[in-house]
Amino acid sequence: MSATNCKEYEFLKIEPHWQGIWDKTKAFRAENGSTKPKYYVLDMFPYPSGSGLHIGHPEGYTATDILARYKRARGFNVLHPMGWDAFGLPAEQHAVKTGTHPAANTQNNITNFRRQIKALGFSYDWDREVDTTDPKYFRWTQWIFLQLFKKGLAYVDERPVWWCPELRTVLANEEIVDGKSEVGGYPVERRNLRQWVLRITAYAEQLIDGLKDVDWPDSTKRMQEAWIGRSEGAEVLFKLEDAKLGDLKIFTTRPDTLFGCTYMVIAPEHPLVDSLTVPAQREAVKAYRFKAASKSDLERTDLAKDKSGVFSGSYAINPVNGARVPVWIADYVLMGYGTGAIMAVPAHDERDYEFALRYDLPIPRVIAAADGSDTLPYTGDGTLINSPGYDGLAWPEAKKKITAALAAKGIGKGTINYKLRDWLFSRQRYWGEPFPIVWVSEADYRSAAALRQDLPKQPVKFAESGVTLYALPLPDAALPLVLPEVQTYLPSGNGESPLANVTEWLEVWFNVSTGASVPATQAKPAGDAWVRARRETNTMPQWAGSCWYYLRYLDPQNANAIASPEAQKYWDVPDLYVGGAEHAVLHLLYARFWHKVLFDLGVVPQPEPFKKLFHQGIILGEDGEKMSKSRGNVVNPDDIISAYGTDSLRLYLMFLGPLEAMKPWNTKGIEGVHRFLKKIWRECLDPEGAVSPRITDTGALSPEAEKVFHETIKKVSEDTEALKFNTAISQMMILGNALQKEPALPRAVMLDFLRILAPYAPHLAEELWARLGQNGSIAAAGWPSFDPTKLVSSTITIVMQVNGKHRGDVTVDPAVSEAELQALAVQHAKVAPHLTGKTIKRTIYVKGRLINFLV
RNA sequence: GCCCGGGUGGCGGAAUGGUAUACGCAACGGACUUAAAAUCCGUGUCCUGUAAGGGAGUGUGGGUUCGAGUCCCACCCCGGGCACCA
């Protein structure tokens with residue numbers, strides 16, 4: 001491989017030159033089934049937005065690239081892939097505005113992203129690039145959905161969603177800012193719409209358990225745990241005074257406080273509200289429900305501190321003591337959690353306490369505080385009081401006993417509740433994966449069931465304007481189901497996606513065996529397998545494609561499976577996954593869910609997808625604020641590359657501080673690493689671009705420089721492995737400064753230096769490697785080792801302290817004995833004055849470190 | 001309110017319980033140059049002192065220890081997440 005011939009460090013020539021060579025030789029191809037040990041390092045793939053790469057992308061990508069190059073040098077077969085999470089709203093909005101197909105815009109953006117990423121010199125295996133909008137890819141996204149569907153993990157339900165009348169579309173929660181659409185700032189409202197929902201709650205327990213086995217940041221594990229929100233308690237049946245209304249079922253985590261229950265609360269949406277409301281309260285309850293319903297979520301949160309409610313007029317009976325307790329209706333109880341009804345124990349719950357104060361309800365104490373405190377509400381540890389039969393028990397024990405007693409009587413049982421809700425999986429948009437589902441009549445579904453073995457145990461059905469339709473999956477062989485061409489990308493306006501306007505595609509004769517279809521306007525084809533069907537018009541959310549892309553990289557061309565079992569066995573799951581903390585919950589939870597389902601189906605061989613996770617920090621603007629167009633503090637990687645080169649950019653991004661930290665960009669700061677690279681260039685080459693005369697095959701370093709050299713190999717190895725790139729770079733700078741002072745530079749030393757620099761500044765390293773007469777790419781040149789015997793210096797510096805205060809230091813032979821050192825120290829000019837007239841009570845000696853006299 | 005993470009020079013940051021401020025930026029002084037750029041050498045926490053030296057010092061206040069940026073307790077501030085989940 002030949003280098004350029006520039007005399008100075010012309011990074012604008014050097015960098016594209018080597019990128020071209022890497023491209024041509026496919027230098028970073030990962031080989032399936034190699035005999036080498038494997039290493040799989042994964043980046044979170046980007047959404048290819050129209051505004052191009054943001055400086056945050058290269059931060060994480062540089063980190064993984066350094067590691068990938070380092071692992072290759074260490075003899076690993078490295079899988080380091082890149083792809084595009086390319087479905088999404090911005091492309092669709094662009095399409096609405098311009099009328100061009102979102103695919104065209106998406107491909108333009110991908111081309112630009114690929115160009116920018118290649119200009120950064122990352123060592124991706126481009127033969128494994130994936131694109132979630134490619135039918136060859138989303139065929140498998142649809143296939144996975146069908147597996148979930150067949151397993152009974154997908155269903156259809158009417159759900160309240162955010163509807164924006166102005167944009168004529170449904171928006172996701174994260175697209176709503178302060179009660180308005182993120183795009184345009186238009187008002188949004190709640191609407192009930194038919195939605196696909198995935199039963200992620202069925203995996204709640206496994207999703208918590210699996211966190212034990214992964215090497216993730218603790219904070220991220222905690223966030224997922226909190227999001228899943230497991231809580232152990234009991235369901236208890238309270239008889240209603242009006243026996244014909246049956247029982248009121250509540251959930252509580254503290255059945256031990258049952259004797260302290262003085263009222264009940266049901267959510268305003270609770271099905272028993274109407275029947276429990278007595279005539280005298282009807283008007284008040286109606287008004288309260290209306291008020292609660294009209295509150296937006298935002299208002300409900302704002303008013304969180306201000307409890308309100310209304311008495312229903314009815315009473316329930318406390319099962320443990322027969323007490324008559326009033327049933328209230330209040331919006332501090334949520335219909336979506338537990339049973340939508342609670343027993344209120346105001347003495348030991350802050351919310352109940354506040355409510356009881358406001359409505360003047362009794363607050364009897366049933367837990368005595370462990371520390372004897374008498375303030376209420378009390379939620380700490382303690383023992384039961386005023387609870388006949390249980391007094392004196394510690395509350396966790398009472399919880400078990402009371403739960404058991406209720407269960408024995410058949411009026412309660414221990415249960416576990418989760419905050420996690422099922423996953424709303426559909427969007428009313430064009431630019432997403434179509435659901436491989438058609439809707440048919442009950443009779444047609446029955447006849448399909450006779451022909452198909454792959455239907456769910458319980459049919460998925462949905463009633464609309466009096467007609468019940470059944471969801472029939474496309475056969476696997478009929479995948480992919482591609483998006484039809486549409487006249488307009490504008491949503492239909494009635495809550496359905498633009499697909500609802502494509503009648504030819506929508507209304508079909510459908511062959512239940514083969515999945516073939518013809519427009520319903522044509523004659524019904526002959527044969528029993530043909531039924532009348534309407535296609536599903538929803539599309540999948542952007543999460544879908546990113547839930548499993550890490551599997552496709554293993555075997556991206558495979559037409560018969562997500563990836564072959566051999567590829568899965570060889571590559572396993574990523575050894576390291578790097579991406580932003582903003583995905584700590586949703587993406588990472590959804591992907592884990594899918595992976596666990598695939599594991600249960602025997603499609604993947606391991607229960608967790610991401611062994612080790614790391615979040616890179618955010619890079620702030622020079623003003624210390626988050627980068628944003630409106631602030632005008634956005635740094636464009638293209639500009640930095642043309643001014644300093646990508647090697648400088650890569651180095652600076654890593655030198656800025658710890659990878660996980662949030663840190664401000666400073667354009668001046670890049671000068672420092674750029675000077676460092678220029679210095680390396682000058683150490684290797686003379687002003688004419690020939691090998692520097694200081695570099696020889698026979699010369700030797702001074703002992704001090706040699707020590708620094710071996711220390712540097714050691715530290716750079718360790719720090720790279722530990723993702724502490726900032727300190728690795730510091731150490732290389734220290735070596736650079738030391739070498740600069742040396743009269744002679746052994747060629748072998750310079751080559752080793754280039755090898756440890758290569759993962760960080762690969763273009764410069766390749767160029768100088770070639771210029772110093774080496775053949776082949778430095779990427780294939782391995783990793784140098786250090787000589788541990790060179791790390792020990794011939795002298796050591798011992799710190800001398802008196803009473804813990806630093807009084808001086810002395811340079812001695814490492815073999816010095818304690819007695820010798822002590823004698824030396826007490827006579828030392830800087831120490832002696834502090835000892836005169838005092839007696840040494842004790843001497844602390846830390847070998848090779850310090851000696852401390854206590855006087 | 002609850003749960004995390006973090007407060008170290010003018011700035012980004014470094015530091016297995018053992019010389020606090022490595023490395024870099026900015027600044028200042030000097031060398032080279034007609035000059036500039038580039039490069040090189042040097043100074044660089046604060047107070048006190050001509051100096052040698054002395055004293056203080058890692059958000060605040062306590063504690064453990066021969067010795068604390070590092071460990072423990074309380075508090076203040078900043079950042080992130082969750083937020084009536086019974």
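Computed from a predicted model, the values in this text were never measured in an experiment. We use all heavy atoms of the structure for the numbers below, so side chains are in, but hydrogens, waters and symmetry mates are not. Quick note on labels: first sequence line is chain A, next is B, and so on, each numbered from 1.
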J.: Can you find a side chain N or O atom of A:Ser231 that sits less than 4.0 Å from OP1 or OP2 on B:A86?
T.: yes
J.: Take atom P in B:C23 and the same atom in B:G30, then report the distance between them in whole Å.
T.: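 Their P atoms lie roughly 24 Å apart.
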J.: Quantified in whole Å, what is the C1' atom distance between nucleotide B:U21 and nucleotide B:G7?
T.: 15 Å
J.: Select base, sugar-phosphate, or nothing to describe what A:Ile734 touches, counting heavy atoms under 4.0 Å on all strands.
T.: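 Contact class for A:Ile734: sugar-phosphate only.
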J.: Under 4.0 Å, heavy atoms only, any strand: does A:Asn737 hit a base, just the sugar-phosphate, or nothing?
T.: sugar-phosphate
J.: Is A:Arg365 positioned over the aromatic face of A:Tyr378, cation under 6.0 angstrom from the ring centre and no more than 45 degrees off axis?
T.: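 Positive - A:Arg365 is close enough to the ring of A:Tyr378 and near enough to its axis.
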J.: State whether the distance check finds a donor on one side and an acceptor on the other, under 3.5 Å, for side chain A:Lys307 versus base B:C84.
T.: yes
J.: Side chain of A:Asp349: nearest nucleotide among B:A86, B:C25, B:A14?
T.: B:A86
J.: Once you round it to whole Å, what is the distance between P of B:C23 and CZ of A:Phe655?
T.: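 After rounding, the reported distance stands at 10 Å.
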J.: Please confirm whether A:Lys307 makes a cation-pi placement over A:Phe355, using NZ or CZ under 6.0 Å from the six-membered ring centre and within 45° of the ring normal.
T.: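 Output no; distance or angle outside limits.
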J.: Among B:G13, B:G18, B:A86, find the nucleotide with the atom closest to the side chain of A:Lys663.
T.: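 Of the candidates, B:G13 comes closest.
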J.: Looking across every strand, which nucleic acid part, if any, lies under 4.0 Å from A:Lys419 by heavy atom: base, sugar-phosphate, or nothing?
T.: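 Base contact.
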J.: Using atom CE of A:Met732 as one end and atom C1' of B:A22 as the other, report the distance to the nearest whole Å.
T.: 15 Å
J.: Please pick, from B:A86, B:U39, B:C4, the nucleotide with the shortest atom-to-atom distance to any side-chain atom of A:Arg222.
T.: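 My answer, after comparing the listed nucleotides, is B:C4.
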J.: Nearest whole angstrom, please: distance from the P of B:A14 to the CG of A:Asp719.
T.: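 Atom-to-atom, A:Asp719 to B:A14, this comes out as 11 Å.
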J.: For the P atoms, the ones on B:C11 and on B:G63, what distance do you get once it is rounded to whole angstrom?
T.: 30 Å
J.: Could you say whether A:Ser730 or A:Arg421 is positioned toward the 5' end of RNA chain B, judged by the nucleotide with the nearest heavy atom to each?
T.: A:Ser730
J.: Rounded to whole angstroms, how far apart are CD on A:Gln740 and P on B:G42?
T.: 11 Å
J.: Can A:Glu8 and A:Arg682 be counted as an ion pair, charged N to O under 4.0 angstrom?
T.: no
J.: Nearest to the A:Leu334 side chain among B:G79, B:A86, B:G18, which nucleotide is it?
T.: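 Output: B:A86.
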J.: Using atom C1' of each nucleotide, how far apart are B:C32 and B:A22 to the nearest Å?
T.: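 Their C1' atoms lie roughly 29 Å apart.
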J.: Check whether any side-chain N or O of A:Asp256 sits under 3.5 Å from a backbone N or O of A:Leu384 as a donor-acceptor pair, and report yes or no.
T.: no
J.: Could you tell me whether A:Leu854 contacts a base, only the sugar-phosphate backbone, or nothing, with contacts defined as non-hydrogen atoms closer than 4.0 Å?
T.: sugar-phosphate
J.: Can you figure out which of B:U39, B:C84, B:U19 approaches the side chain of A:Lys678 most closely?
T.: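 Among the listed nucleotides, the one closest to the side chain of A:Lys678 is B:U39.
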J.: Run the salt-bridge test on A:Lys707 and A:Glu711 with the 4.0 Å N-O cut-off and return the result as yes or no.
T.: yes
J.: When you measure from the side chain of A:Lys741, which nucleotide among B:G24, B:C41, B:C84 comes out closest?
T.: B:C41
J.: Taking syn as any angle within 90 degrees of 0 and anti as the rest, which one fits B:G10?
T.: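 Judged by the O4'-C1' to base torsion, B:G10 sits in anti, the angle falling more than 90° away from 0.
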J.: Mind checking the P distance from B:G62 to B:G69? Whole angstroms is fine.
T.: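 Each nucleotide's P atom is 15 Å from the other's.
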J.: Looking only at atom types and distance, does a side-chain atom of A:Asn633 sit under 3.5 Å from a main-chain N or O of A:Ser628, one as donor and one as acceptor?
T.: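 Between the backbone of A:Ser628 and the side chain of A:Asn633 there is a qualifying donor-acceptor contact (under 3.5 Å).
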J.: Using Watson-Crick or G-U wobble geometry with both distances below 3.5 Å, tell me the partner of B:U50, or none.
T.: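 WC or wobble partner does not exist here.
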J.: Quote, to the nearest angstrom, the P distance that separates B:U45 from B:G10.
T.: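 Roughly 10 Å separates the two P atoms.
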J.: Using the side-chain heavy atoms of A:Pro664, tell me which of these nucleotides is nearest: B:G12, B:A86, B:C25.
T.: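 The answer is B:G12.
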J.: Taking only N and O in the side chain of A:Tyr337, is any of them less than 4.0 Å away from OP1 or OP2 of B:A86?
T.: yes
J.: Tell me which nucleotide, if any, is Watson-Crick or G-U wobble paired with B:A56 when both distances must be under 3.5 Å.
T.: B:U45
J.: Please check the phosphate of B:G24 (OP1 and OP2 only) for any side-chain N or O of A:Asn726 closer than 4.0 Å.
T.: no
J.: Which listed nucleotide (B:G79, B:U19, B:A14) is nearest to the side chain of A:Thr727?
T.: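 Closest nucleotide among those given: B:A14.
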J.: Looking only at atom P, what distance separates B:G29 and B:G81, rounded to whole Å?
T.: 46 Å
J.: When you get a sec, tell me which of B:G24, B:A86, B:G13 is the closest nucleotide to the side chain of A:Pro658?
T.: B:G13
J.: Between A:Glu671 and A:Ala661, who's closer to the 5' end of RNA chain B by nearest nucleotide?
T.: A:Ala661
J.: To the nearest Å, give me how far apart CG (A:Leu586) and C1' (B:G81) are.
T.: 12 Å
J.: Think A:Arg682 has a side-chain N or O under 4.0 angstrom from the OP1 or OP2 of B:A38?
T.: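 False: A:Arg682 side-chain N/O out of range (4.0 Å or more) of B:A38 OP1/OP2.
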J.: Distance check, P atoms only: B:G59 and B:C78, in whole angstrom units.
T.: 16 Å
J.: Looking at A:Trp216, does the NZ or CZ of A:Arg592 lie under 6.0 angstrom from its six-membered ring centre and within 45 degrees of the ring axis?
T.: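 Positive - A:Arg592 is close enough to the ring of A:Trp216 and near enough to its axis.
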J.: Counting heavy atoms not belonging to A:Glu350, are there more than 12 under 6.0 Å from its CD?
T.: no
